[in-house]
Every structure is written in C-alpha cells, then in structure tokens.
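Please read all numbers here as calculations on a predicted model, not as lab measurements. Chain A is the first sequence line, chain B the second, and so forth, proteins listed ahead of strands; every chain is numbered from 1.
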Number of protein chains: 2
Amino acid sequence: MVVDTELTDDEVDRIFRALADSTRRDIVRRTLVQETSVSTLAGAYDMSFAAVSKHVAVLERAGLVTKHASGRERLVRGNPESIRRAQRLLDAYEQIWRERISRLDALLESDSTTD
Amino acid sequence: MVVDTELTDDEVDRIFRALADSTRRDIVRRTLVQETSVSTLAGAYDMSFAAVSKHVAVLERAGLVTKHASGRERLVRGNPESIRRAQRLLDAYEQIWRERISRLDALLESDSTTD
DNA sequence: AGTATCTACAACCATTTGGTTATACGTTAC
DNA sequence: GTAACGTATAACCAAATGGTTGTAGATACT
C-alpha cells in the first residue's frame, strides 16, 4: 500500500519557488532544528515582521513548514516529509540521466558485438 | 582534492527558481535524455520561440543546461552535475532534521539514565 | 544571389513577487 | 480594564517574471 506521492505541476512549482529565496531557506533550516514563533523568526532578519510573515506563508503553501497556534504565538515547524518529496523530484531527473547513459552503454555493447 | 562545490545564495536562488516552472522542468527532462535544438524544443510547447528561448536562457544561467552551437542551431543539453548539486542542497536539509532527531534521542537517553 | 531557417534581442505588457506601512484583532500581563 | 505583544491582512510600490511581436544576424538550401 503505497501512499500516493504524486504532485501536480502547481505543487512542484510552489515547492521550488519557495526554496528559491535565501530568507525562506533559512527559515526552513531553523524550523527543522526547532519550532520557532513567527516573531522570533522576524527578529533574525533585517526586514519587517509582515515580510517574514509572508515568507512563512509562502513556505506553508508549499508544504515546507506547518504552523500551529500556541497562545498568541504561531509556532512554525519545518516539514521533513516535503523536503523528501523535493528530493524525490530531483532523484527522478538523475534517474532520467542514468537511463540515458545505460542506453548509450547498451548501444556501444551491441555495436561491439555486431556480426 | 575535492572540487569546490560551494554555491552562493544567488546561485542556489537561480537553480530553484529555474526549476519552479513546468515548461523549464520539461526542457530539463528532454535535454537530459537527448540534446535538442532550441527550435525543436519550441515546437513542443504552445508558446512562441522567443518564450522558449528565454526559458532556456533561465536554465542556462542556473547551470541546469548547457548550449553549444552546431551550424545555425543551438543544441541544449541537460547538465546532470547541476541536478546533483541541487540534490546535495536538499540532502543538507534532511541532515539537519536528522541531527535534530538524534539530539532528541540523546536527550531521552540521558533522561532515562538520570540518577 | 536569393530565400528559408535558426537564433538573439529589444520593446512592450500584464501579472507576480518581495518589500513597506498601517490597521485590526486575539492573547497575555499587570 | 488596559496596555503590550503576536499575528494577519490590506493597500501600496518597485522590480522581476513570463509572455508577446518585431527586427536583424548567421547559416543552410537551391
């Protein structure tokens, strides 16, 4: 029973888009280590709270972090499963390349054995 | 003698940004399988040659494809090394998470052995 | 030589992005 | 109750993105 892991193009777009910003990558890093409130995160960067809050929202829409309320705070937690999903996407590209190499190898093989 | 594999934030931005578009991901897929001219690629999508040419340029700036001239054509080839570079980036995030888990495990261990 | 093909690039346009400040609302502390 | 804190969201802005058409340069074909 394999859990469905297929992603729509839009979901993949959101994941890579979310990772294409160094502030957001840093938020992912920090919140993988330890869950952190939005305001604590905001204190770490030279930009407004609203800007950081938006970055967190982008990550949340991509599934890279989750948020849960704790009193008035919103604790942000990195989602390792979504990182693995992104890894699998890249693995698929590597696999495509490897298959090409296999085909080229097979071709050379069959050439050398042509009678 | 390890080849320097460090990437600047901007380079990482470009890699993930380039992957955040399904047309570009498809170009990477196709050109990993076989090198392909820009005009052949353009024929595969419902958009102008100029638009596809721009997508290729985005991928090239990110290092995900290389281009070389062959007569009047420009052949585009997927760059497996840059894919691996991106994989390593994601691996680093997974590693961070694993380290957290290790620390939590170690903490539980030390708790249970407190005297 | 002349024409068709492949490409690059400029100019333009609408939309998205990444930032800002200001406002409003729920929660905590006093 | 009121002040302070944490957050979300709206309105706004400049820059980047993803598309277009048009022009022009190389290369190939006949």
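- Residue B:D10 contributes atom CG, which lies 13 Å from atom P of C:dG18 at whole-angstrom precision.
- Nearer the 5' end of DNA chain C, as judged by each residue's closest nucleotide, is the contact made by A:T23, out of A:S70 and A:T23.
- Taking atom CZ of A:R61 as the reference point, atom C1' of C:dG18 lies 12 Å away to the nearest angstrom.
- Nucleotide C:dT16 holds its P atom 13 Å from the CZ atom of A:R14, rounded to whole Å.
- Annotation: of the two residues near DNA chain D, A:V38 and A:R17, the 5′-most nearest-nucleotide partner is A:V38.
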> Should B:R88 and B:E81 be marked as a salt bridge (Lys or Arg N to Asp or Glu O under 4.0 Å) after you check the CA-CA gap, both sets of side-chain angles, and the distance that decides it?
Replying inline: CA-CA 11 Å; B:R88 264 179 255 126; B:E81 179 47 41; 2.9 Å; yes
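- OP1 and OP2 of D:dG25 both lie 4.0 Å or more from every side-chain N or O belonging to B:R74.
- For B:E94 and B:R98, the salt-bridge test passes: some basic side-chain N is under 4.0 Å from an acidic carboxylate O.
- Between the CZ atom of A:F16 and the P atom of D:dG18 there is a distance of 15 Å, rounded to whole Å.
- Residue A:S39 has a polar side-chain atom (N or O) positioned under 4.0 Å from OP1 or OP2 of D:dT7.
- As judged by a 4.0 angstrom heavy-atom cut-off over every strand, B:S48 is placed among the base-contacting residues.
- Rounded to a whole Å, the CG atom of B:L59 is 14 Å from the C1' atom of D:dT17.
- For A:H55, the side-chain atoms get nearest to C:dG18 when compared with the rest of D:dG18, D:dA8, C:dG18.
- Using a 4.0 Å heavy-atom cutoff across all strands shown, B:A50 reaches at least one base atom of the nucleic acid.
- Atom CE in A:M47 sits roughly 13 Å away from atom P in C:dT21 (whole-Å rounding).
- Rounded to whole Å, the distance from CG on A:D13 to P on C:dT17 is 10 Å.
- For B:R72, the listed nucleotide lying nearest its side chain is C:dT5; candidates were C:dG18, C:dT27, C:dT5.
- Closest to the side chain of A:K54, out of D:dG19, C:dG19, D:dG6, is C:dG19.
- Nearest nucleotide to the B:F49 side chain, out of C:dG19, C:dA8, C:dG18: C:dA8.
- Around CD of B:Q34, the count of heavy atoms belonging to other residues, nucleotides or ligands within 6.0 Å does not exceed 12.
- Under 4.0 angstrom from either OP1 or OP2 of D:dA8 there lies at least one side-chain N or O belonging to A:K67.
- Although no hydrogens or angles enter the test, the distance criterion places a donor-acceptor pair under 3.5 Å between the side chain of B:R25 and the main chain of B:L19.
- Using a 4.0 Å cut-off between charged nitrogen and carboxylate oxygen, B:D26 and B:R30 count as a salt-bridge pair.
- If you take CD of B:E60 and P of C:dT7, they are 13 Å apart, rounded to a whole angstrom.
- Counting non-hydrogen atoms under 4.0 angstrom, A:S37 reaches the backbone sugars and phosphates but no base.
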